[in-house]
Number of protein chains: 2
Amino acid sequence: MQLHKRDVVEAATALLDDYGIADLSMRRLARDLEVSPGALYWHFASKQQLLGAVADRILGAVQDCGGDWQERIVQTCGRLREALLSHTDGAELVSASFAAGQSAVMTDLLAVLAAAAADAGVPADSTESAARTVVYFVLGSTVDEQSRLQWDAAGADVSAPVWAENSDARFAFGLRLLVDGIAAHTRADV
Amino acid sequence: MQLHKRDVVEAATALLDDYGIADLSMRRLARDLEVSPGALYWHFASKQQLLGAVADRILGAVQDCGGDWQERIVQTCGRLREALLSHTDGAELVSASFAAGQSAVMTDLLAVLAAAAADAGVPADSTESAARTVVYFVLGSTVDEQSRLQWDAAGADVSAPVWAENSDARFAFGLRLLVDGIAAHTRADV
DNA sequence: ACCTGAACACCGTTCAAGT
DNA sequence: ACCTGAACACCGTTCAAGT
């Protein structure tokens with residue numbers, strides 16, 4: 001039967017979860033779907049574009065939420081982190097797709113965060129900068145956390161769980177820094 | 001004559017500057033050096049390790065500096081950004097090497113930033129988190145900036161220079177957010 | 001419209017064998 | 001100690017040709 005975009009993205013996600021981003025190749029994906037490699041290029045212009053679709057699928061779990069601007073930022077970032085951690089190499093894949101400008105959902109999240117910054121009183125020409133700064137933190141710290149997590153799961157030495165236990169607190173601390181920064185900045189300008 | 005680590009790193013940097021990270025392959029590098037690909041593996045255990053050495057070469061230009069903790073953070077980040085921007089795909093390469101834990105100099109910079117955070121009054125168990133948050137911002141924003149810069153240099157549409165002019169201000173704003181956050185956080189805790 | 005088959009132009013890494 | 005040659009096991013992408 002016919003191959004649809006959704007099937008391809010689903011199979012790619014499964015491949016990612018089971019074997020990681022290094023094994024997520026167009027040829028391997030085609031093999032899993034029992035089509036020729038060229039077939040994928042009927043549905044996607046490039047591997048980058050396909051990875052963007054996988055990123056958007058991963059980020060589907062992140063819905064926006066209510067509350068004041070601080071709660072909205074903290075919640076959005078928390079959910080983003082959870083979504084990334086729930087797929088093997090999820091943070092790395094989304095990070096790469098974001099950098100390549102291939103994730104539409106990531107662009108939406110940026111808008112949500114920029115709106116929260118606006119509510120906080122950040123001047124209109126700086127809300128985008130504030131939102132990006134927050135996103136850089138979430139992506140950077142989660143890539144770090146996940147690589148350590150996965151390294152420990154394989155290597156398994158003693159001091160690993162200590163890091164893992166602290167990672168929630170470390171994430172919360174960095175995020176607090178940014179929220180405090182936004183709050184302080186708007187106070188200074190008003 | 002004999003091949004030395006320094007020659008390899010130098011040739012790799014030249015290849016990076018002239019053709020970008022996508023063309024920085026072990027085989028192409030070997031061709032430029034007029035050796036067989038296998039020769040490189042006598043001097044470096046893997047491509048990742050070689051890229052780490054290139055990252056450290058790029059970061060050699062970033063020396064540490066004096067002043068109060070705020071000045072030290074702002075200066076260090078400014079110099080880091082300059083170093084990244086002065087090589088094609090420099091931000092991407094250093095970012096990848098940092099994530100892979102292959103850049104010794106990046107670890108030094110982390111320590112410098114952590115020391116500044118400590119001077120600011122951040123509790124000892126959080127200085128590392130503060131430093132990493134700053135580094136995530138510099139790497140993330142500079143990767144972004146550089147990809148836009150290089151895309152414009154090739155594509156060349158109208159609205160490009162506007163972005164370029166604002167990128168200094170955008171960087172400064174994000175950095176200010178973080179410095180304000182560190183300042184606010186320590187005030188709240190003391 | 002959708003896919004196959006085969007090709008093009010590459011990769012990183014290993015390792016016996018040479019000097 | 002340092003390097004070559006050749007192999008192993010792959011890549012992303014394109015495109016004429018088929019149905």
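Just so it is clear, the values below take in all heavy atoms, side chains as well, and ignore hydrogens, waters and symmetry mates.
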I'd like to know if the side chain of [X] pairs up with that of [Y] as donor and acceptor (distance under 3.5 Å, no hydrogens or angles considered).
| X | Y | result |
| --- | --- | --- |
| B:Q102 | B:S97 | no |
| B:Q150 | B:D89 | yes |
| B:R176 | B:Q70 | yes |
| B:D17 | B:T88 | no |

For [X] and [N], what is the distance between atoms [atom1] and [atom2] respectively, to the nearest whole Å?
| X | N | atom1 | atom2 | value |
| --- | --- | --- | --- | --- |
| A:Q2 | C:dC3 | CD | C1' | 9 Å |
| B:R27 | D:dG5 | CZ | P | 13 Å |
| B:M26 | D:dA9 | CE | P | 21 Å |
| B:L40 | D:dA1 | CG | P | 19 Å |
| B:D23 | C:dG12 | CG | P | 11 Å |
| A:Q48 | D:dG12 | CD | P | 13 Å |
| A:L29 | D:dG12 | CG | C1' | 13 Å |
| A:E34 | C:dC3 | CD | P | 14 Å |

Phosphate contact (C:dC3 OP1 or OP2) by A:W42 side-chain N/O below 4.0 Å | no
Ignoring backbone atoms, test whether B:S25 places a side-chain nitrogen or oxygen under 4.0 Å from the OP1 or OP2 oxygen of C:dC11.
->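 The answer is yes; a side-chain N or O of B:S25 sits under 4.0 Å from OP1 or OP2.
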Testing A:V9, A:V105, A:D108 for side-chain contact (heavy atoms from CB on, under 4.5 Å) with A:D56, which one passes?
-> A:V105
Relative to the 5' end of DNA chain D, which residue comes earlier, A:K47 or B:H43, by the nucleotide with the nearest heavy atom?
->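 The answer here is B:H43.
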Which listed nucleotide (C:dG5, D:dC3, D:dT4) is nearest to the side chain of A:S36?
-> C:dG5
Choose from D:dT4, D:dT13, C:dG12 the nucleotide whose nearest atom is closest to any side-chain atom of A:S46.
-> D:dT13
Considering Watson-Crick and G-U wobble pairs with both distances under 3.5 Å, what does C:dA6 pair with?
-> D:dT14
Opposite nucleotide pairing with D:dA1, Watson-Crick or G-U, both atom distances under 3.5 Å =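 Check on D:dA1: paired to C:dT19, both distances under 3.5 Å.
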